[in-house]
Protein chains: 2
Amino acid sequence: MEILIAEDDEQIANSLKKNLAEEGHHIMVVHDGQKALRSTDSILFDVIILDWRMPKVTGVEVCKHLRNSGNKVPVILLTALSQVANKVEALQLGADDYITKPFSFDELKARIEAVVRRYQTNEKELIVANLKLDLLSRKVSTPFGEISLTGKEYDLLKYFILHKGSIIGKEELTKSVWELNYSSGTNVIEVTIKNLREKLEEKLGKKLIKSVYGEGYIFIPE
Amino acid sequence: MEILIAEDDEQIANSLKKNLAEEGHHIMVVHDGQKALRSTDSILFDVIILDWRMPKVTGVEVCKHLRNSGNKVPVILLTALSQVANKVEALQLGADDYITKPFSFDELKARIEAVVRRYQTNEKELIVANLKLDLLSRKVSTPFGEISLTGKEYDLLKYFILHKGSIIGKEELTKSVWELNYSSGTNVIEVTIKNLREKLEEKLGKKLIKSVYGEGYIFIPE
DNA sequence: GTTAATAATGAAAAGGAATTCATTTTTCTT
DNA sequence: AAGAAAAATGAATTCCTTTTCATTATTAAC
């Protein structure tokens, strides 16, 4: 798992990094909220541990920014015992959990597993390579930002992702994506695929949908 | 909301019942784990508060039983400060959260709202009265057939259902449903609500969305 | 290299969703 | 009861999505 730790106390940060790395996770540590936000712009983490009090941008502000940007990565806040009232605020602002210092590593580990399990078993996201489809909001995000797709483009992309690695013929697409709304004798499929390709390539810089002459298309994410 | 409290300390139980009832919730209190399990057999709760230590069946055992039966109702465990190691166990056994005594009512209230919100938004369907929203396909079905909604109408209905029983102001709707696409100085909210009302009433034969003059709207499914 | 079949492209048209507008109705205060 | 504020309504307009169209490009067969 990719874990981001934002903690300005170096002793705590190092201890967490060491213990979590021993569990086989990939850990990135930053020491202020601004760097935390910058990291989330280009890396998809599985969970983020945020200290409450940090220089420049507080943990709560980081969390708020993530949620406002539509980023649902699990967030655990580390808090001091005195800040009870703020815990209410934190949960309301979108944190998945918080832990009160001092805490045991086992406790943190269990909480990480719990929030990640809830996140992963949502089955409400399709993640492939650098693409993440949120199946409820129908938003498509990448490390380079969100891709704005129309309804048809979204349905088409979802179909491709669910059948990645397989050649999909045009007739299959008419039945599965267009359903009853398809008129034969037009090239609406080619046009829609072209538009989807443009949007994906603009963001990801590579071609994910390949043509197979006379047979159809195949989605290869890498 | 229907809330089950399983707590053998009568003082704590009564205090929680009183405070939560004042928030408008329906509270059932039992004093041991066996009665808690029996209650869950016949009542669908929105959330369950379980004390860790209880006669006959402990809170952890109740939780374990629920999860083994496939019951995903949110569970919050109340624990004493000394029982850190068992907290790990509790989360791993499927508790959604726990609170360490002593705690403030505001903290409990916030955690209840957080786990219930996650529970409600985790499922792929929202079911309320005669309406069922399929959150993936965005189809709305009733016993009398499917209701064809536009994207905006669907988002609006979903928001109402997620906040049923609460008055929702127009400004809140602009921020939550329209987000950045809202132009002040128009009556797009009123028009969209009117269109949604028409479709719901045509199918269900009753008015679910009520106006509160000068404040906003409230969704009451029954 | 040529030809036919298939795919891609730029632009326009069609259709539907969302918003705006003008007016009417309802609600609350006085 | 009257007037102001808020909400609802019918219809039109605007905007966006989807499809259609004409043309060009690419691919495969010969």
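The chains referred to below are lettered A, B, ... by the order of the sequence lines, with proteins before strands, and numbering in each begins at 1.
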Report summary line: Students should find that the nucleotides of DNA chain D closing off the region near chain A, any atom under 4.0 angstrom from a heavy atom, are D:dT17 to D:dA28
Requested in this report: Could you tell me whether A:D96 and A:R67 make a salt bridge, using a distance below 4.0 angstrom between a side-chain N and a carboxylate O?
Outcome: yes
Query raised in the report: Does the pair B:N195 and B:K152 meet the rule for a side chain to side chain contact (heavy atoms under 4.5 Å, CB included), with working shown?
Result: CA-CA 10 Å; B:N195 291 334; B:K152 240 355 173 260; over 6 Å; no
Requested in this report: Evaluate whether atom CD of B:E171 has more than 12 neighbouring non-hydrogen atoms of other residues, nucleotides or ligands under 6.0 angstrom away.
Outcome: no
Query raised in the report: Which part of the nucleic acid, if any, lies within contact of A:G151, taking any heavy atom under 4.0 Å across all strands shown: a base, the sugar-phosphate backbone alone, or nothing?
Result: sugar-phosphate
Query - Worked check of side chain to side chain contact (heavy atoms under 4.5 Å, CB included) between A:I112 and A:L20 - result: CA-CA 10 Å; A:I112 290 176; A:L20 288 169; 3.9 Å; yes
Report task. Assign each of A:N181 and B:S211 to its nearest nucleotide of DNA chain D by heavy atoms, then name whichever residue's nucleotide is nearer the 5' end. Result -> B:S211
Query raised in the report: Between the two end axes of the helix from C:dG1-D:dC30 to C:dT30-D:dA1, each built from 5 base pairs, what angle do you get to the nearest 10°?
Result: 30°
Query raised in the report: Does atom NZ of A:K210 have more than 12 heavy-atom neighbours, drawn from other residues, nucleotides or ligands, at distances under 6.0 Å?
Result: yes
Query raised in the report: Quick check: does any side chain N or O of A:D51 sit under 3.5 Å from a backbone N or O of A:M54, one acting as donor and the other as acceptor?
Result: no
Query raised in the report: Between A:S211 and A:E190, is a side chain to side chain contact (heavy atoms under 4.5 Å, CB included) present by the stated rule, with each step listed?
Result: CA-CA 10 Å; A:S211 302; A:E190 289 87 349; over 6 Å; no
Report summary line: Span of DNA chain C engaged by chain A, first through last nucleotide within the 4.0 Å heavy-atom cut-off, is C:dA5 to C:dG10
Query raised in the report: Using a cut-off of 4.0 Å on non-hydrogen atoms, how would the nucleic acid contact of A:K210 be classed: base, sugar-phosphate, or nothing?
Result: nothing
Query raised in the report: Can you list the residues that meet the salt bridge (charged side-chain N to carboxylate O under 4.0 Å, His left out) rule with A:K199, with sequence neighbours excluded?
Result: A:E153
Report task. Could you list the residues that satisfy side chain to side chain donor-acceptor pair (under 3.5 Å) with B:E22, not counting sequence neighbours? Result -> B:K18
Query raised in the report: Excluding sequence neighbours, so at least two apart, what forms ring-ring contact (aromatic ring centres under 6.0 Å, His included) with A:Y159?
Result: A:H163
Report summary line: Ranking B:V212 and A:V188 by the position along DNA chain D of their nearest nucleotide, the one closer to 5' is B:V212
Requested in this report: Identify whether any heavy atom of B:Y217 sits under 4.0 Å from a base atom; if not, whether one sits that close to sugar-phosphate; answer base, sugar-phosphate or nothing.
Outcome: sugar-phosphate
Report task. Hey, can you tell me if B:F219 and B:F160 have their rings parallel, tilted or perpendicular (30° and 60° cut-offs)? Result -> parallel
